[in-house]
Number of protein chains: 2
Amino acid sequence: MSRETTQALIERLGQRLGPAGLLTAESDVAPFAIDWRRLFPGRPACVARPGSTAEVAAVVRLCREAGAALVPQGGNTGLAGGAVPDGSGTQVVLSLARMTAIRGVDPVGLTLTAEAGCVLKVAQDAAAAAGRLLPVSFAAEGSALVGGVVATNAGGINVVRYGMTRGLVLGLEVVLADGEVVDGLRALRKDNAGYDWKQLFIGSEGTLGVVTAAVLRLAARPRHAATALLAVPDPAAALRLLTLAQEEVGDSIQAFELISGPSLGLVAKHAGLRSPIGEAGWSVLIEAASSLPGLRDAMEAVLATALERGDAVDGVLAESGRQAADLWALRESITESEAREGTSVKHDVSVPITAIPDFLEEAGRVLAAQAPGTRVNAFGHMGDGNIHYNVLIGPEHAAGTINRLVHGVVDRHAGSISAEHGIGQYRVDELVRHRHPAEIALARRIKAALDPDGLLNPGKVLARD
Amino acid sequence: MSRETTQALIERLGQRLGPAGLLTAESDVAPFAIDWRRLFPGRPACVARPGSTAEVAAVVRLCREAGAALVPQGGNTGLAGGAVPDGSGTQVVLSLARMTAIRGVDPVGLTLTAEAGCVLKVAQDAAAAAGRLLPVSFAAEGSALVGGVVATNAGGINVVRYGMTRGLVLGLEVVLADGEVVDGLRALRKDNAGYDWKQLFIGSEGTLGVVTAAVLRLAARPRHAATALLAVPDPAAALRLLTLAQEEVGDSIQAFELISGPSLGLVAKHAGLRSPIGEAGWSVLIEAASSLPGLRDAMEAVLATALERGDAVDGVLAESGRQAADLWALRESITESEAREGTSVKHDVSVPITAIPDFLEEAGRVLAAQAPGTRVNAFGHMGDGNIHYNVLIGPEHAAGTINRLVHGVVDRHAGSISAEHGIGQYRVDELVRHRHPAEIALARRIKAALDPDGLLNPGKVLARD
């Protein structure tokens with residue numbers, strides 16, 4: 001794109017959106033130009049901030065006429081660089097942040113309709129004010145926007161019970177690459193009338209269309225909660241504990257988190273927090289919630305049986321909300337403690353749940369043999385098969401080599417190199433190595449059908465042609 | 001297609017599949033030529049019965065070379081004529097019924113991998129033998145095949161708790177229109193590595209590809225169950241009862257079924273079954289299940305509170321499995337009783353749950369005014385917003401007119417004309433009337449991208465060009 005074309009586009013966008021709708025000054029666009037981990041610096045032509053679906057459609061059409069690429073951006077809290085522009089200075093960042101409306105909350109039908117720019121926490125609070133629960137929850141919920149949550153199929157801490165965001169999206173409104181608005185904002189639990197086209201846009205990271213609004217499913221708020229921390233001898237015991245918990249408390253399990261000994265070591269060292277049950281090879285944090293009485297008794301039975309069987313060597317059941325929060329603080333301090341310890345290579349992998357012990361054993365063995373001096377900080381959502389297998393490295397280690405080693409073990413267990421963070425630009429090249437050529441070809445066919453000019457978030461999820 | 005081309009194709013199919021893999025005699029193909037309701041008689045060129053994914057791919061390639069259309073067929077239990085050929089004598093029925101293998105059951109990771117031809121009941125039994133639950137369940141489960149269950153995104157009686165089939169599919173293997181096999185048989189709970197292409201094939205009724213195998217999610221088996229029948233004054237009271245039940249027993253609700261007085265009248269007349277709580281304007285059947293003790297107490301509290309508030313006028317909680325089965329028999333006898341009563345026009349509609357009372361009131365009023373003499377038999381999955389709004393008609397009534405009236409009311413409440421039965425060939429023309437043109441255009445774009453020659457189940461879901 002010539003500089004003149006870009007300038008002309010900026011002028012047209014300004015005319016259409018008005019001063020509140022367009023940012024061009026370098027200081028204004030700077031926060032939109034780089035991801036929050038500051039790994040992927042870019043330089044946009046400008047930042048378009050439409051205030052309505054019609055304005056989003058107008059931006060898409062104007063960009064298309066000019067042949068300019070668009071990068072949809074929500075709260076810019078992603079971990080894969082999927083929402084930031086490249087360095088060409090020709091891409092238009094399409095920020096949804098001005099479309100903040102909650103269009104409705106239905107506490108009886110258990111739905112909430114929000115525009116793409118609504119902060120996730122605001123949506124959660126609106127559901128809570130109506131006495132209901134919006135189940136999707138993760139660390140960045142105070143900044144993440146609903147549109148981005150949907151476009152990245154966000155995971156988080158409640159997936160074991162409520163599923164990924166995909167399972168919570170009942171209806172969707174999107175703007176296609178040609179500026180056409182498709183309104184599927186239906187608040188229906190069941191709808192088998194034709195192709196469920198909204199699935200295409202959920203999790204496709206803005207490469208197939210722009211999500212402008214969504215109908216999300218709410219849940220009843222459970223009345224009782226129980227949080228337990230158990231020390232277990234090894235991941236195989238943690239797996240037996242998972243089965244025991246599923247049998248005793250069933251679908252009431254909201255979180256089943258595995259924490260390695262080294263992870264707790266980092267938390268003790270940098271956050272000053274210690275597990276109330278002392279040193280442990282591995283720990284498991286279980287949270288369960290239900291409207292039924294009897295939850296606490298069932299959790300106590302889980303602890304007693306696990307101790308009796310030797311699948312746990314110690315355990316504590318929180319006596320209060322404060323104690324539960326203290327247990328969660330251990331888990332939630334891992335990432336920051338890791339950052340203070342030094343440089344790390346992060347992996348957001350999943351394997352079949354049953355394969356977790358083998359995966360951990362094999363990955364540890366491979367790293368010890370082929371990358372001596374690295375240290376593993378493994379933790380994550382065991383109930384979902386999702387392990388954050390992070391590796392602390394020294395200057396002698398290359399991140400790419402560590403990636404290859406860990407993802408090689410993932411492949412041998414038929415896993416995924418991105419359980420919840422997505423591909424963005426961070427894992428584009430790796431995706432091709434880890435998926436069958438037929439899957440990549442199918443993805444390219446879908447991309448070509450929906451974005452024939454390749455102007456929607458190019459280079460994300462799939463490499464440019 | 002010329003008769004010679006068809007004959008040559010049949011010969012090539014016979015060579016590739018052997019005698020067990022191809023049916024050509026009229027008496028042999030007859031059961032595959034018509035749906036079980038006998039509404040859509042067709043005439044296939046032949047019935048191909050491949051025994052493996054490679055053979056499915058070969059059939060697809062041979063048909064494509066010959067320019068012959070393919071109609072994938074599972075257990076042929078669908079209600080929309082989606083799995084039967086047209087009358088041209090040129091379409092090849094692709095029966096998956098020989099691919100029956102259960103490739104694995106993982107009771108710890110809670111997954112089951114089955115080929116497309118596995119009978120749903122067989123898969124349920126395999127899960128049960130491993131102490132787990134395959135939650136999808138509906139009347140035809142003894143004949144329906146896993147591939148068809150996935151391809152139609154089947155619903156059923158447990159949707160309020162476990163969701164539609166879509167939510168239970170973790171991995172998928174499909175054969176594309178060009179014969180390419182795409183293997184996505186991953187047993188992962190979380191996988192955000194690239195487009196979730198399997199969603200395209202779930203619920204698209206064999207028009208975009210052929211499902212050959214699937215990994216399905218299992219659940220823990222709840223230990224306790226409680227079944228209640230309540231008489232309620234009207235649908236608005238039933239809605240308040242739903243909210244009460246959600247607050248008291250939460251996610252343990254497995255079914256929340258609304259039954260109209262006339263429905264119970266038909267059951268009494270033709271099946272000789274009577275509600276233990278006598279006459280009622282409307283009834284609600286609630287089933288809940290949990291591993292936690294306290295379920296029965298919570299359900300008793302629901303009954304007591306509903307009676308106290310006047311949202312129920314009578315109610316019974318089953319004292320035994322036998323009593324629970326008797327309550328379910330009332331619900332399950334409705335369809336057959338309706339058939340014995342006379343000719344009916346069936347509707348499988350959904351509306352936002354909160355809109356159900358208004359929908360029922362308005363639909364009744366419209367029919368009384370514009371189709372006098374019709375009688376309504378309304379019942380269904382209220383917890384999912386899904387009402388089977390069937391209308392008994394006389395010789396003076398035209399089915400198409402009744403459809404239009406009922407579906408018009410559905411539109412006014414932003415509902416769906418097919419909640420769970422799909423579109424098939426039955427609702428093809430209506431779909432175009434009830435969805436936005438932008439949605440139909442998007443569906444056609446998806447179809448063109450995946451089946452450019454239009455040879456996969458043509459005329460189903462979308463009308464032929």
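Naming: A, B, ... by sequence-line order, numbering from 1 per chain.
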Name the option with the most non-hydrogen atom pairs under 4.5 Å to chain B; the candidates are [options].
options	result
A:A193, A:A219, A:A441	A:A193
A:G385, A:A419, A:G294	A:A419
A:S418, A:G422, A:A80	A:S418
A:V349, A:D348, A:V160, A:V249	A:V249
A:P352, A:A298, A:G167, A:G131	A:P352
A:I423, A:I202, A:V181, A:V351	A:I423

Determine, stepwise, if the pair A:D384 / B:L188 fulfils side-chain contact (heavy atoms from CB on, under 4.5 Å). CA-CA 8 Å; A:D384 309 317; B:L188 304 176; over 6 Å; no

Taking [options] one by one, which has the highest count of heavy-atom pairs under 4.5 Å against chain A?
options	value
B:I446, B:V215, B:L170	B:I446
B:G163, B:S416, B:P437, B:A355	B:S416
B:G250, B:G383, B:A438, B:P107	B:A438
B:L450, B:I417, B:T111	B:L450
B:E205, B:E430, B:E420	B:E420
B:G109, B:G184, B:S291	B:S291

Say you draw a straight line from [atom1] of [X] to [atom2] of [Y]; how long is it, rounded to the nearest 0.5 Å?
X	Y	atom1	atom2	result
A:S290	B:D251	OG	CG	8.0 Å
B:Y195	A:L442	OH	CG	10.5 Å
A:N386	B:K190	CG	NZ	4.0 Å
A:D196	B:S204	CG	OG	10.5 Å
B:W197	A:R435	CH2	CZ	9.0 Å
B:L295	A:L292	CG	CG	5.5 Å

Name the region of [X], side chain, backbone, both or neither, that has any atom closer than 4.5 Å to a heavy atom of chain B.
X	answer
A:H381	side chain
A:T152	backbone
A:D191	both
A:L176	side chain
A:E180	side chain
A:A443	both
A:R223	side chain
A:V428	neither

Please determine which of B:T243, B:I356, B:L242 meets the side chain to side chain contact (heavy atoms under 4.5 Å, CB included) test together with A:V108.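 By the side chain to side chain contact (heavy atoms under 4.5 Å, CB included) criterion, A:V108 pairs with just one of B:T243, B:I356, B:L242: B:T243.
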
Can you tell if the side chain of [X] reaches within under 4.5 Å of the side chain of [Y], non-hydrogen atoms only?
X	Y	result
B:P293	A:D297	no
B:D106	A:I353	no
B:M164	A:R189	no

Sidechain-backbone polar pair: B:H436 side chain, A:V182 backbone, donor-acceptor under 3.5 Å: no

Please check if the side chain of A:N192 supplies one atom and the backbone of B:G203 the other of a donor-acceptor pair under 3.5 Å.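 No, because the side chain of A:N192 does not come within donor-acceptor range (under 3.5 Å) of the backbone of B:G203.
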
Using the rule given for side-chain contact (heavy atoms from CB on, under 4.5 Å), can you reason through B:L200 versus A:Q199, listing the C-alpha separation, both sets of side-chain angles and the distance that settles it, and then say yes or no? CA-CA 7 Å; B:L200 274 177; A:Q199 303 297 338; over 6 Å; no

Is the shortest distance from a Lys or Arg side-chain nitrogen in [X] or [Y] to a carboxylate oxygen in the other one below 4.0 Å?
X	Y	answer
B:D178	A:R445	yes
B:E439	A:R186	yes
A:R221	B:E247	no

Check whether B:L185 gets within reach of chain A through its side chain, its backbone, both or neither, counting any heavy atom under 4.5 Å.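 Contact with chain A: none, neither part.
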
At a 4.5 Å cut-off on heavy atoms, which part of B:R240 comes close to chain A: side chain, backbone, both, or neither?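 No part of it gets close to chain A.
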
